[in-house]
Chemist: 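One structure, pasted below without further comment.
Below, all heavy atoms of this structure are taken into account, side chains as well, without hydrogens, waters or symmetry copies. The chain is numbered in sequence order, starting from 1. Order of appearance sets the numbers: ligands from 1, and atoms from 1 within every ligand.
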Amino acid sequence: MRAQPQASHYIGGTYQESQDGTPFDSLYPATGEVIAQIRSADDAVIDEAIRTAKEGQKVWAATAPAERGRVLRRAAEILRERNHDLSVLETLDTGKPLQETLIADAASGADCLEYYGGLAATLTGEHIDLGGSFAYTKREPLGICFGIGAWNYPIQIACWKAAPALVCGNAMIFKPSEVTPLSALKLAEALTEAGLPDGVFNVIQGFGDVGAKLVAHPAISKVSLTGSVPTGAKVAALAGEHLKKTTLELGGKSPLIVFDDADIENAISAAINANFYSTGQICSNGTRVFVHSAIKDRFVARLAERTSSAVLGDPLDEATNIGPLVSKQQLDKVLYYMQVGQDEGARLVCGGGTANVDSLPDGYFVQPTVFANVTDDMRIAREEIFGPVLSVLDFDDENDVIARANDTEFGLAAGVFTKDIQRAHRVIDQLQAGTCWINTYNLTPIEMPFGGYKKSGIGRENGHAAIEYYSQIKSVYVEMDGVEAAF
Ligand code: NAD
């Protein structure tokens with residue numbers, strides 16, 4: 001299976017290849033086959049991306065916001081028309097089952113482009129009455145923004161960064177994860193076809209060294225990273241040295257709290273979505289499932305029964321629920337934590353190791369895994385695993401579970417299941433997390449701001465909130481009388 005792009009990079013409205021960049025392969029995680037060969041951006045490619053972005057941004061910033069919106073909405077329609085092909089490409093690059101990519105990847109990217117396209121003409125400033133004289137504010141672009149993607153939702157992440165950046169009149173240079181380099185190029189094609197001026201959205205490939213070069217580049221005004229906490233710390237330090245604005249979407253170890261009055265089947269559905277969707281490779285996953293001790297045994301037994309019915313296998317078969325992990329490196333990491341959980345004394349309820357898929361013996365498959373009797377100090381309850389490993393922890397008391405849920409360096413997301421409306425809001429109010437759910441989990445519509453407290457991030461993506469992070473306000477005082485001076 002091949003998914004070779006015309007060239008590695010997309011710059012100035014066209015594909016471009018680098019002469020000197022480090023070559024690397026993109027693999028299909030279900031077979032380990034090479035599907036594309038890519039080259040990292042060399043200095044000439046980076047210089048060209050910056051040059052065209054500067055030119056494109058001038059044209060784009062002078063384009064009426066309503067027209068910018070039309071371009072984004074046309075690009076949304078192009079992604080929708082191509083959804084099937086884009087979903088197959090995303091499945092090949094990530095290993096996520098087609099059942100998911102058909103509805104969650106390019107489709108959510110299209111929703112994002114449509115949403116910001118719709119906001120475009122509404123982005124206005126204020127008039128401030130100063131009693132005769134007045135002031136007004138304007139929302140202006142930042143310049144060239146640099147987006148850095150993770151590998152779990154490649155085209156969605158590219159859209160979540162590009163759409164709010166572009167609607168504010170910025171240009172963006174986007175570097176996908178080296179693990180999943182392909183679909184961002186397709187977004188760039190769609191934007192060009194939709195009428196985006198050349199250079200306004202460029203894609204360059206590479207590893208962390210290419211990322212760091214761009215973060216430090218004087219022409220870049222803002223950096224938006226989706227990635228792990230250690231990478232976030234490096235990017236923030238480098239950006240801080242150059243006083244660049246940053247948005248950081250980082251990792252998590254989020255709590256999902258199930259009270260004894262919850263609808264148990266719904267709570268189990270949420271726990272499944274919060275741990276096994278995308279083979280557990282989702283930053284906001286509710287990997288610490290706190291279950292009230294009165295319902296714990298029932299919850300765990302039914303969760304195990306439903307988990308054992310998951311269809312694991314060929315990601316291109318639409319009946320498949322769970323595909324492989326994204327890479328051999330991720331497979332090794334997840335298997336390591338499955339062993340750590342057993343060594344720490346958690347009770348292995350189901351799963352716990354590799355999964356054999358007869359037709360795909362070289363795929364990076366693991367069994368969806370549930371641990372019960374997990375305690376707060378265990379590493380599987382403290383460290384982000386980023387795989388299908390669910391930990392059930394018991395609790396009895398509301399205040400106690402809130403304190404335990406918050407006892408983490410992360411703060412990306414949290415969920416509560418209860419039929420008691422006052423308790424739901426009381427608990428949510430005390431949880432230290434940027435994105436919360438009551439009686440559901442992991443739904444992230446584009447209208448709702450998304451981002452982390454504590455080490456899970458800085459800034460917000462999505463919703464009106466993202467506009468604040470891709471624009472700056474200019475205040476203008478207008479004197480309507482004379483100017484007095486002391487002498
Ligand atoms: P990662 O941190 O290894 O890499 C992320 C990106 O950063 C890649 O494109 C990589 O090339 C780049 N990078 C690495 N070092 C860099 C440096 N020094 N300077 C600039 N760029 C650099 O993350 P990953 O393994 O690709 O993704 C998984 C992680 O991402 C998990 O921790 C997950 O929780 C997190 N994530 C967060 C969100 C969110 O919205 N909060 C969404 C998806 C994934």
Chemist: For ligand 1 and Glu461, I'd like to know whether there is a polar contact (N/O to N/O, distance under 3.5 Å).
Modeler: no

Chemist: Would you mind checking which non-hydrogen protein atom is closest to atom 38 (C) of ligand 1, with the distance to 0.1 Å?
Modeler: Cys283 SG, 3.0 Å

Chemist: Considering the heavy atoms of Asn152, write down every atom of ligand 1 situated less than 4.0 Å from one of them.
Modeler: 43 (C), 44 (C)

Chemist: Could you list which atoms of ligand 1 come closer than 4.0 Å to a heavy atom of Ser228?
Modeler: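 Once the distances to Ser228 are compared, the set is 1 (P), 2 (O), 23 (O), 29 (C), 30 (O), 32 (O).
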
Chemist: Excluding sequence neighbours, so at least two apart, what forms salt bridge (Lys or Arg N to Asp or Glu O under 4.0 Å) with Glu409?
Modeler: Lys455

Chemist: At a non-hydrogen distance cut-off of under 4.0 Å, which region of Tyr153 contacts ligand 1 (side chain, backbone, both, or neither)?
Modeler: neither

Chemist: Are there more than 12 heavy atoms of other residues, nucleotides or ligands under 6.0 Å from atom NZ of Lys333?
Modeler: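 Atom NZ in Lys333 is packed in, count exceeds 12.
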
Chemist: Stepwise, does the side-chain hydrogen bond (donor to acceptor under 3.5 Å, both in side chains) test hold for Asn285 with Thr287?
Modeler: CA-CA 6 Å; Asn285 269 357; Thr287 44; over 6 Å; no

Chemist: Could you find the nearest protein heavy atom to atom 28 (C) of ligand 1 and give me its residue, atom name and distance?
Modeler: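 For atom 28 (C) of ligand 1, the nearest protein heavy atom is Phe386 CE2, 3.7 Å.
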
Chemist: List every atom of ligand 1 that sits less than 4.0 Å from any heavy atom of Trp151, numbering the atoms from 1 in the order shown and giving each element.
Modeler: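 Taking each heavy atom of Trp151 in turn, ligand 1 has 24 (P), 25 (O), 26 (O), 27 (O) under 4.0 Å.
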
Chemist: Report, in ascending order of atom number, the atoms of ligand 1 lying under 4.0 Å from any heavy atom of Lys175.
Modeler: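 This gives 8 (C), 9 (O), 10 (C), 11 (O) as the contact atoms.
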
Chemist: Examine the proximity of ligand 1 to Val229 and report which part, side chain or backbone, both or neither, has a heavy atom under 4.0 Å away.
Modeler: neither

Chemist: Hey, which atoms in ligand 1 end up nearer than 4.0 Å to a heavy atom of Ala212?
Modeler: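 Atoms satisfying the 4.0 Å criterion: 19 (N), 20 (C).
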
Chemist: Can you tell me which portion of Leu250 lies within the under-4.0 Å heavy-atom range of ligand 1? Options are side chain, backbone, both, or neither.
Modeler: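 Looking at Leu250 and ligand 1, just backbone atoms fall under 4.0 Å.
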
Chemist: Charged N to carboxylate O under 4.0 angstrom, Lys96 versus Asp105?
Modeler: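 Result for this pair is yes, salt bridge flagged.
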
Chemist: Would you mind telling me which of Phe174, Tyr115, Phe450, Tyr153 makes a ring pair (Phe, Tyr, Trp, His ring centres under 6.0 Å) with Trp160?
Modeler: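 Result: among Phe174, Tyr115, Phe450, Tyr153, Phe450 is the only option passing the ring pair (Phe, Tyr, Trp, His ring centres under 6.0 Å) with Trp160.
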
Chemist: For atom 17 (C) of ligand 1, what is the closest protein heavy atom, and at what distance to 0.1 Å?
Modeler: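 Among all protein heavy atoms, the one nearest atom 17 (C) of ligand 1 is Gly208 O, 3.6 Å.
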
Chemist: How far is atom 31 (C) of ligand 1 from its nearest protein heavy atom, and which residue and atom name does that atom have?
Modeler: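 The closest heavy atom on the protein side is Glu384 OE1, 3.4 Å.
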
Chemist: So if I count the atoms of ligand 1 from 1 in the order they appear, which ones are less than 4.0 Å from some heavy atom of Gly251?
Modeler: 32 (O), 34 (O)

Chemist: Before we go on, tell me: are the rings of Phe24 and Phe207 under 6.0 Å apart, centre to centre?
Modeler: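 Ring centroids of Phe24 and Phe207 are less than 6.0 Å from each other.
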
Chemist: Taking only heavy atoms of Val235, which atoms of ligand 1 are found under 4.0 Å from at least one of them?
Modeler: 19 (N), 20 (C)

Chemist: Counting both backbone and side chain atoms, is some N or O of Leu412 under 3.5 Å from an N or O of ligand 1?
Modeler: no

Chemist: Can you tell me the protein heavy atom closest to atom 12 (C) of ligand 1 and the distance?
Modeler: Ile148 CG2, 3.6 Å

Chemist: Checking a contact table here: which protein heavy atom is nearest atom 11 (O) of ligand 1, and how many Å away?
Modeler: Glu178 OE1, 2.7 Å

Chemist: Under a 4.0 angstrom heavy-atom cut-off, which atoms of ligand 1 come close to Ala150?
Modeler: 26 (O), 27 (O), 30 (O), 44 (C)

Chemist: Could you pull out all residues at least two apart from Tyr10 that satisfy ring-ring contact (aromatic ring centres under 6.0 Å, His included)?
Modeler: Tyr15

Chemist: Looking at ligand 1, does Gly149 have a heavy atom less than 4.0 Å from it?
Modeler: yes

Chemist: Let me confirm one number: the CD1-CD1 distance from Ile144 to Ile173, rounded to the nearest 0.5 Å.
Modeler: 5.5 Å

Chemist: Is Val179 touching ligand 1 with its side chain, its backbone, both, or neither, if touching means heavy atoms under 4.0 Å apart?
Modeler: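 Neither part.
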
Chemist: Give, for atom NE2 of His84 and atom OG1 of Thr101, the distance between the pair rounded to the nearest 0.5 Å.
Modeler: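 Here the rounded value is 8.5 Å.
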
Chemist: Please determine whether the number of non-hydrogen atoms from other residues, nucleotides or ligands lying under 6.0 Å from atom NE2 of His464 exceeds 12.
Modeler: no

Chemist: Checking contacts here: is it the side chain or the backbone of Gln281 that comes within 4.0 Å of ligand 1, counting heavy atoms only? Could be both or neither.
Modeler: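 Neither part.
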
Chemist: Before you tell me yes or no, could you show the steps for Phe386 and Trp151 under ring pair (Phe, Tyr, Trp, His ring centres under 6.0 Å), namely the whole-Å CA-CA distance, both residues' side-chain angles and the distance that decides it to 0.1 Å?
Modeler: CA-CA 12 Å; Phe386 225 56; Trp151 43 254; 5.3 Å; yes

Chemist: Nearest heavy atom to atom 14 (C) of ligand 1: which of Ile157, Val223, Thr226, Thr231 does it belong to?
Modeler: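 Of the listed residues, Thr231 has the closest heavy atom.
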
Chemist: What is the nearest protein non-hydrogen atom to atom 18 (N) of ligand 1, stated with its residue, atom name and distance?
Modeler: Lys234 CD, 3.9 Å

Chemist: Evaluate the criterion side-chain hydrogen bond (donor to acceptor under 3.5 Å, both in side chains) for residue pair Thr408 and Lys454; output intermediate values, then yes/no.
Modeler: CA-CA 9 Å; Thr408 166; Lys454 300 195 275 189; 5.7 Å; no

Chemist: Under 6.0 Å from the six-membered ring centre of Tyr470 and within 45° of its axis: does the NZ or CZ of Lys222 meet both?
Modeler: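 So Lys222 does make the cation-pi contact.
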
Chemist: Can you establish whether the number of heavy atoms outside Gln329 located under 6.0 Å from its atom CD is more than 12?
Modeler: no

